[in-house]
K.L.:
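Submitted below is the structure of interest, expressed as structure tokens.
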Amino acid sequence: MNATAQSRLTPRQRLSRGLTYSALGPVDVTRGLVGLGVDSAQSTASQLRRRYRQGRLARDIAAAQETLAQELAAAQDVVTNLPQALQSARKSRRRRGKRPLLIVGAAVVVLAGGAAAFSIVRRSVNRGTPEPSPRPPSVDVQPRP
């Protein structure tokens, strides 16, 4: 086989071949070292990008947790002040028809706050993970003997 018919060598293979053979040695050693340097630089850049994304995700999760804490505090205030509001509503209006509306309104406010907090947290947690593909894998999972 000639050089054009051979499959492409990885930088590590090229370096080891260059050290083995003396005729093409200096060329292969140089190309192997340059290839290893490029691979190392790409790997480092990939790791830096990954760490940056993880840091940004951590900041997003912290912000979502803070928002959730604020929403829960607001909901707790509503629940805490609910008996006073009911009592004042009872004193101001003696009709029984408004009481169920007030309870339903307070429940809707609490549920809406919880739903908003849940969606914010869920969105921030699922941002970094891609959805799995519904298609089957294109490569056999079981190796053949």
Side-chain angles (χ1 to χ4, degrees), residues 1-90 92 97-145:
M1 282 186 166
N2 59 14
T4 59
Q6 287 182 342
S7 62
R8 296 184 63 119
L9 297 175
T10 64
R12 181 168 282 141
Q13 291 171 336
R14 189 177 305 282
L15 179 62
S16 65
R17 188 180 81 172
L19 294 173
T20 304
Y21 298 111
S22 63
L24 293 175
V27 173
D28 278 341
V29 168
T30 304
R31 288 182 68 185
L33 288 174
V34 168
L36 285 175
V38 168
D39 286 349
S40 174
Q42 286 176 344
S43 173
T44 302
S46 172
Q47 288 176 354
L48 287 174
R49 278 192 302 268
R50 182 180 50 81
R51 289 178 69 189
Y52 172 74
R53 284 189 201 121
Q54 285 178 345
R56 188 173 59 196
L57 180 62
R59 285 190 300 272
D60 288 346
I61 289 174
Q65 286 175 341
E66 183 179 329
T67 304
L68 179 62
Q70 291 172 353
E71 290 287 335
L72 288 176
Q76 189 175 16
D77 288 343
V78 168
V79 171
T80 304
N81 295 332
L82 187 62
Q84 294 173 352
L86 288 174
Q87 212 169 34
S88 64
R90 237 185 266 152
S92 65
K98 298 287 183 179
R99 183 176 178 195
L101 251 68
L102 186 62
I103 292 172
V104 169
V108 167
V109 167
V110 169
L111 287 175
F118 177 79
S119 68
I120 289 169
V121 169
R122 175 133 181 155
R123 206 175 315 137
S124 68
V125 169
N126 287 340
R127 186 176 292 165
T129 58
E131 293 185 11
S133 175
R135 299 174 66 190
S138 60
V139 181
D140 288 339
V141 178
Q142 299 292 331
R144 294 184 181 170

K.L.:
With rounding to the nearest 0.5 angstrom, report the CD to CG distance, Gln65 to Leu72.
P.N.:
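Rounded to the nearest 0.5 Å, the CD-CG separation comes out at 11.5 Å.
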K.L.:
Would a distance-only check, ignoring hydrogens and angles, find a side-chain to backbone donor-acceptor pair under 3.5 Å from Thr67 to Ala63?
P.N.:
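Yes; at least one donor-acceptor contact below 3.5 Å.
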K.L.:
Where is the tightest heavy-atom contact between Ala117 and Glu71, given as atom of each residue plus distance?
P.N.:
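Taking every non-hydrogen atom into account, CB-CB, 4.3 Å.
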K.L.:
Let me confirm one number: the OG1-CG distance from Thr44 to Asp39, rounded to the nearest 0.5 Å.
P.N.:
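If we round to the nearest 0.5 Å, Thr44:OG1 and Asp39:CG are 10.5 Å apart.
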K.L.:
What closest approach, in Å, do Pro11 and Leu36 show between heavy atoms, and which atom pair accounts for it?
P.N.:
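Answer, listing the atom of Pro11 first, then Leu36: CB-N, 3.6 Å.
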K.L.:
Using side chain to side chain contact (heavy atoms under 4.5 Å, CB included) as the criterion, point out the one residue from Leu111, Val104, Val110 that pairs with Val108.
P.N.:
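Testing Val108 for a side chain to side chain contact (heavy atoms under 4.5 Å, CB included) against Leu111, Val104, Val110 leaves exactly one candidate, Val104.
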K.L.:
With a 3.5 Å distance limit and no angle check, can you tell me whether Gln13 reaches the backbone of Thr10 through a side-chain donor-acceptor pair?
P.N.:
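Yes, the answer is positive, given that a donor and an acceptor are paired below the 3.5 Å cut-off.
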K.L.:
About how many Å separate CG of Leu33 and OG of Ser40, when rounded to the nearest 0.5 Å?
P.N.:
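Taking OG in Ser40 and CG in Leu33, the distance rounds to 12.0 Å.
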K.L.:
Does some side-chain heavy atom of Ser43 sit less than 4.5 Å from a side-chain heavy atom of Gln47?
P.N.:
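Yes, their side chains come closer than 4.5 Å.
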K.L.:
Report, as yes or no, whether the 6.0 Å neighbourhood of atom CD on Gln76 holds more than 12 heavy atoms from other residues, nucleotides or ligands.
P.N.:
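Not buried by this count: 12 neighbours or fewer within 6.0 Å.
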